[in-house]
2 protein chains.
Amino acid sequence: MKGKQNTKDIILQTATRLFQRQGYNGTGLNQIIEESGAPKGSIYYHFPNGKEEIAIEAISMMRKLVLEGAEKDLSGKSSAAEAFEYYLDNVAAIFDARECIDGLSIGLIASETAFTHERLRYSCEMVFKDFQTLYAGILMQYGFKRESAEEIGITIAAMIEGACILSITYQNGNPIRRIAKQLSLLLKMNQE
Amino acid sequence: MKGKQNTKDIILQTATRLFQRQGYNGTGLNQIIEESGAPKGSIYYHFPNGKEEIAIEAISMMRKLVLEGAEKDLSGKSSAAEAFEYYLDNVAAIFDARECIDGLSIGLIASETAFTHERLRYSCEMVFKDFQTLYAGILMQYGFKRESAEEIGITIAAMIEGACILSITYQNGNPIRRIAKQLSLLLKMNQE
DNA sequence: GTCTATAGATAGATAGAC
DNA sequence: GTCTATCTATCTATAGAC
């Protein structure tokens with residue numbers, strides 16, 4: 001509604017970035033406050049339920065960033081294969097830059113919390129399902145049948161998530177580019 | 001060499017399990033000691049460099065477990081597609097059981113430490129490359145050309161890693177089974 | 001809405017006895 | 001090889017002034 005960057009938004013943006021890079025357990029509230037420059041006394045005012053509440057909203061923000069980026073890149077191409085090639089090329093470039101990987105993957109926070117923080121696990125599960133739904137919907141736009149699109153949607157989600165981990169570890173976007181090529185083949189083959 | 005379970009091995013096995021479930025930052029030395037039942041004063045005797053040293057050896061153990069399991073399941077089938085279908089079916093069953101996911105994935109510890117613990121990141125990078133090499137080698141056993149095998153090897157590593165994250169989050173092995181089907185198609189298509 | 005101060009717990013790590 | 005005791009740092013969270 002209002003364009004102004006209020007304290008809550010600043011905290012949330014910083015937390016989102018740190019959670020993505022260091023994970024939930026690796027990020028302290030102190031660090032979030034320090035790096036955001038937000039008033040130290042304000043964190044429990046804006047997030048009465050503490051760290052877990054911040055994480056839930058951060059996951060929601062990651063979801064938004066991924067969905068927006070993907071939707072934009074995946075639309076208006078001449079085929080599903082071309083759409084995902086274009087999208088993943090952009091994702092790979094982000095890993096090459098190595099600065100900011102905001103909104104790229106929730107895999108870290110998902111696997112960290114799956115056994116230990118049920119509410120966070122559930123949030124991540126819902127986001128992954130949104131990713132699958134997005135990919136399936138895109139495939140249907142390019143002519144895939146619903147059943148086939150849903151089947152491949154989860155595969156695309158897994159491939160991208162896994163390739164993000166490899167790219168983070170290798171410190172470059174090459175793994176993304178490699179799976180992009182194979183995904184393209186897969187899509188051309190499945191295209192009816 | 002000796003079959004006896006010494007204290008160091010007990011600590012290492014417990015640490016490996018905990019790191020896989022909770023990550024590096026989510027696992028404390030106290031918890032490792034408590035759950036292993038190892039003598040509390042012995043941890044810095046066996047691992048003078050502390051937590052990071054334990055993690056490096058734990059990563060090495062995860063590597064061993066994955067490679068052994070994969071190598072066994074992937075050998076002696078009649079095609080690459082059949083081999084990976086068999087292997088991934090076994091992996092999926094482990095996630096259904098939800099008890100022990102030892103030696104299933106190093107993605108969590110890799111992405112947790114990529115930006116913050118260079119030595120651990122490097123260890124994980126080497127392990128991922130071993131995975132790729134294993135998969136490529138298996139594909140060559142089933143008649144793939146070297147170049148093609150290496151190209152697909154990294155894709156398989158990414159798919160499995162990503163599907164493991166989805167399966168951990170969803171608390172069942174279905175994502176693994178889904179990618180197994182698509183991987184099978186991909187292999188049949190690439191097979192010369 | 002923001003501040004300081006601090007509680008209360010736990011972290012990783014070290015020293016020195018045995 | 002193992003033990004206890006302890007140090008220091010950090011963490012999440014709360015209380016209460018402004």
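Chain letters run A, B, ... following the sequence lines, proteins first, then strands; residues in each count from 1. Atom set for the values below is all heavy atoms of this structure, side chains included, hydrogens, waters and symmetry mates excluded.
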Per atom distances to the A:T7 side chain, the nearest of C:dT2, C:dA11, C:dG12 is C:dT2

Atom CG of B:N49 and atom C1' of C:dG12 are separated, to the nearest Å, by 13 Å

A:K40 NZ to C:dT6 P, in whole Å, measures 13 Å

For this session: Would you kindly confirm whether B:I59 and B:I32 end up in one hydrophobic cluster when ILVMFWY residues are joined by side chain heavy atoms under 4.5 Å apart?
Result: yes

B:Y44 has its side chain closest, among C:dG12, C:dT2, D:dT12, to C:dG12

With sequence neighbours left out, the residues meeting side chain to side chain contact (heavy atoms under 4.5 Å, CB included) with B:L67 are B:R63, B:D130, B:F131, B:L134

So does A:Y45 get a side-chain nitrogen or oxygen closer than 4.0 Å to the phosphate oxygens (OP1/OP2) of C:dG1? yes

Atom CG of B:L29 and atom P of D:dA9 are separated, to the nearest Å, by 18 Å

Whole-Å distance, A:E52 CD to D:dC11 C1', equals 16 Å

Rounded to whole Å, the NE2-C1' distance (B:H46 to C:dA13) equals 17 Å

Is B:N30 close enough to C:dT10 that one of its side-chain N or O atoms is under 4.0 Å from OP1 or OP2 there? no

When A:G28 and A:G41 are each assigned the nearest nucleotide of DNA chain D, the 5'-most assignment goes to A:G28

Parallel, tilted or perpendicular: which fits the ring planes of A:Y24 and A:F19, with parallel below 30° and perpendicular above 60°? tilted

Picking from C:dG12, D:dA13, C:dC3, the nucleotide nearest the side-chain atoms of A:P39 would be C:dC3

Whole-Å distance, A:I32 CD1 to D:dT10 P, equals 16 Å

Rounding to 0.5 Å, atoms CD (A:E35) and CD1 (A:I33) come to a distance of 11.0 Å

B:I33 CD1 to C:dG12 C1', in whole Å, measures 12 Å

Exercise. Taking atom CD of B:E118 as the centre, does the number of heavy atoms from other residues, nucleotides or ligands within less than 6.0 Å exceed 12?
Worked result: yes

Of the candidates D:dA13, D:dT2, C:dT2, the side chain of A:K51 sits closest to D:dA13

To the nearest angstrom, the CD1-C1' distance between B:I43 and C:dA11 comes to 12 Å

